[in-house]
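In listed order, ligands and their atoms are each counted from 1.
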Amino acid sequence: LIKKRFLTVVSTSQLDKSVPKTPLYINGEFIDSKTDKWFELRNPATQKLVTYVPQATSDEMNLAGKIAGDAFKTWKKTSILTRQRVMLELQALIRENMDDIAKSITTEQGKTFADAKGDVLRGLQVVEHACSIPTLLMGEKLPVSRDMDTYSYKEPLGVVGGIMPFNFPAMIPLWVFPLAIACGNTCIIKPSERDPGATIMLAKLAEKAGVPKGVLNVIHGGVDAVNFVCDHPAIKAISFVGSDHAGKYIFQRGTANGKRVQSNLGAKNHGVIMPDANKNYTLNSLVGAAFGAAGQRCMALSTVVFVGKSKEWLPELVERAKQLKVSEGFVDGTDVCPLISADAKKRVESLIQSGVDQGATLLLDGRGSKPKNFETGNFVGPTILANVTKDMKCYTEEIFGPVLVCLNAETLDDALEIINANQYGNGTAIFTNSGSAARKFTEEVDVGQVGINVPIPVPLPMFSFTGSRGSIQGDLNFYGKTGVQFYTQLKTVTALWRHEDVTSTTATVNMPT
Ligand code: NAD
């Protein structure tokens with residue numbers, strides 16, 4: 001499994017005392033880990049040390065497991081209105097503290113301050129949705145015969161584990177713990193070791209909102225922490241979001257241990273440009289959706305398929321992309337932020353080179369970008385590769401950087417063939433003014449989230465995040481109705497209350513009908 005490079009690790013004796021440590025949150029206490037292994041978390045724009053993130057010890061993680069298991073026994077019995085009240089308080093607190101959470105995100109993760117606020121807001125919407133938990137949990141009842149009723153309702157599972165990616169440090173933990181807790185579960189969240197600050201701030205707000213001790217716990221670490229979540233017997237379900245190789249491993253290990261696992265994986269999202277689309281709107285949408293957050297969104301529109309004559313718009317696309325300002329996330333007017341790490345920058349640059357080597361046309365090259373005052377940051381500027389074909393590495397791999405790869409197709413059918421042959425099914429979008437083209441595309445495209453003139457069609461929380469095929473393992477999606485299903489077990493009761501006394505003394509052994 002261990003393909004990925006984690007952050008630099010230092011021992012306790014090497015810690016610079018002026019740099020804060022990220023605490024664990026176990027049993028309602030924010031505590032310094034006793035570990036001797038700390039990740040160095042550096043600001044992606046400046047390389048300045050922001051915090052040390054511990055790799056929790058096995059004692060600490062086992063304590064979190066025990067505490068969360070114990071807390072479940074009482075939390076599951078709380079009234080539904082108590083849990084609703086906590087969610088109501090939590091959403092108000094997140095709204096009040098949105099700027100502070102966003103500041104932490106920009107500092108640790110690099111995205112622009114405006115984008116970081118969007119990260120918090122999209123998560124907050126899930127908390128707001130979780131405020132309707134009494135309605136969301138309502139079951140069904142049917143009198144199935146004169147004296148017999150069948151009813152079903154949803155019960156919480158136990159402890160839910162969350163293993164989170166770096167790219168949405170507020171939104172994705174907020175996809176998980178509010179709904180899981182509102183359903184009556186307790187939680188152990190392992191945020192990304194690259195930006196755990198937002199989760200810690202959210203845990204503080206959850207405590208303030210009335211989440212009792214032990215109901216929400218936060219551990220930190222790398223592979224050991226992930227294995228702990230996959231193996232601990234109190235953990236009954238795992239919500240994972242991240243890359244393919246970690247996600248497939250977690251799905252396999254978690255399900256082998258009998259746990260329910262939902263694993264959201266990588267993506268390669270195609271935008272299809274029909275020649276009848278509104279040109280200005282389409283070009284602006286493509287630039288925003290490809291280069292926003294430096295392309296580090298799982299729903300980034302990283303691939304464009306120009307149908308027919310729409311490829312003539314490429315020079316204008318390049319002009320618009322050139323206008324974007326590459327800089328640090330707090331600098332006014334920044335459009336393109338740094339990548340998460342120096343390794344990510346190296347990888348993205350080498351994928352750009354692979355495109356060139358394999359015959360793509362490099363129309364805009366963002367390599368070597370060094371914004372003023374932030375020369376050491378992990379920056380790559382907007383990059384556009386045209387005449388890309390399906391066999392090229394820059395097409396087959398998820399780049400996760402500010403690189404737009406452009407393919408050409410003669411017809412909508414050809415574009416559909418390209419998309420449906422791709423391994424991923426997270427998101428796609430068509431730009432057109434033709435209702436029939438949009439309808440054909442919607443019906444025939446084998447992708448779970450479709451935008452019609454909407455570049456990043458991430459559904460609001462009353463729906464679910466429905467990436468498909470290679471972009472998910474597991475059957476139940478995050479948030480919305482399927483999110484509630486994932487965090488609960490359906491129980492069905494069949495009850496008989498006879499009106500008359502039973503007088504017969506003969507038992508029947510046939511299958512009851
Ligand atoms: P990642 O897989 O590197 O990390 C995610 C989590 O897994 C982290 O908590 C990390 O500590 C852990 N992890 C990483 N490598 C591991 C290993 N070798 N063994 C055990 N655990 C490991 O992902 P990332 O780089 O943080 O996030 C970016 C990826 O997430 C992209 O591929 C993106 O498409 C994907 N993503 C998908 C969605 C979606 O909903 N489909 C949403 C956001 C991000």
Near [X], which atoms of ligand 1 are under 4.0 Å from a heavy atom of that residue?
X	value
Ile172	42 (C), 43 (C)
Phe240	2 (O), 5 (C), 6 (C), 7 (O)
Met164	5 (C), 6 (C), 8 (C), 9 (O)
Pro165	5 (C), 26 (O), 27 (O)
Ile163	6 (C), 7 (O), 9 (O)

Next on the checklist: Please report whether the ring centroid of His270 lies less than 6.0 Å from that of Tyr395.
Outcome noted: yes
Sub-3.5 Å donor-acceptor pair from the side chain of [X] to the main-chain atoms of [Y], do we have one?
X	Y	answer
Gln14	Ser11	yes
Glu444	Leu416	no
Asn426	Gln449	no
Lys259	Ala256	no
Gln262	Gly474	no

Checklist entry - Do Ser464 and Thr466 have a side chain donor and acceptor closer than 3.5 Å? => result no
Next on the checklist: In the structure I gave you, are the side-chain heavy atoms of Val241 and Phe478 within less than 4.5 Å of one another anywhere?
Outcome noted: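 Side-chain contact under 4.5 Å: yes.
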Next on the checklist: A side-chain contact here means heavy atoms from C-beta on lying under 4.5 Å apart; do Cys298 and Asn264 qualify?
Outcome noted: no
I want to know if ligand 1 touches [X] in the polar sense, i.e. an N/O pair below 3.5 angstrom.
X	answer
Val226	no
Asn264	yes
Val241	no
Asn167	no
Trp175	no
Tyr249	no

Next on the checklist: If we only consider heavy atoms of Asp244, is any one of them less than 4.0 Å away from an atom in ligand 1?
Outcome noted: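 No.
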Report the part of [X] (side chain from C-beta onward, or backbone N, CA, C, O) that has a heavy atom under 4.0 Å from ligand 1; answer both or neither where that applies.
X	value
Phe400	side chain
Arg194	neither
Phe168	neither
Asn426	side chain
Ser243	both

Next on the checklist: If you take the nearest heavy atom of each of Gly242, Cys298, Ala225, which one is closest to atom 38 (C) of ligand 1?
Outcome noted: Cys298
Next on the checklist: Can you tell me how far apart CG (Leu385) and CG (Leu404) are? Round to the nearest 0.5 Å.
Outcome noted: 8.5 Å
Item to check | Lys/Arg N to Asp/Glu carboxylate O, Arg297 vs Asp115, below 4.0 Å | outcome: yes
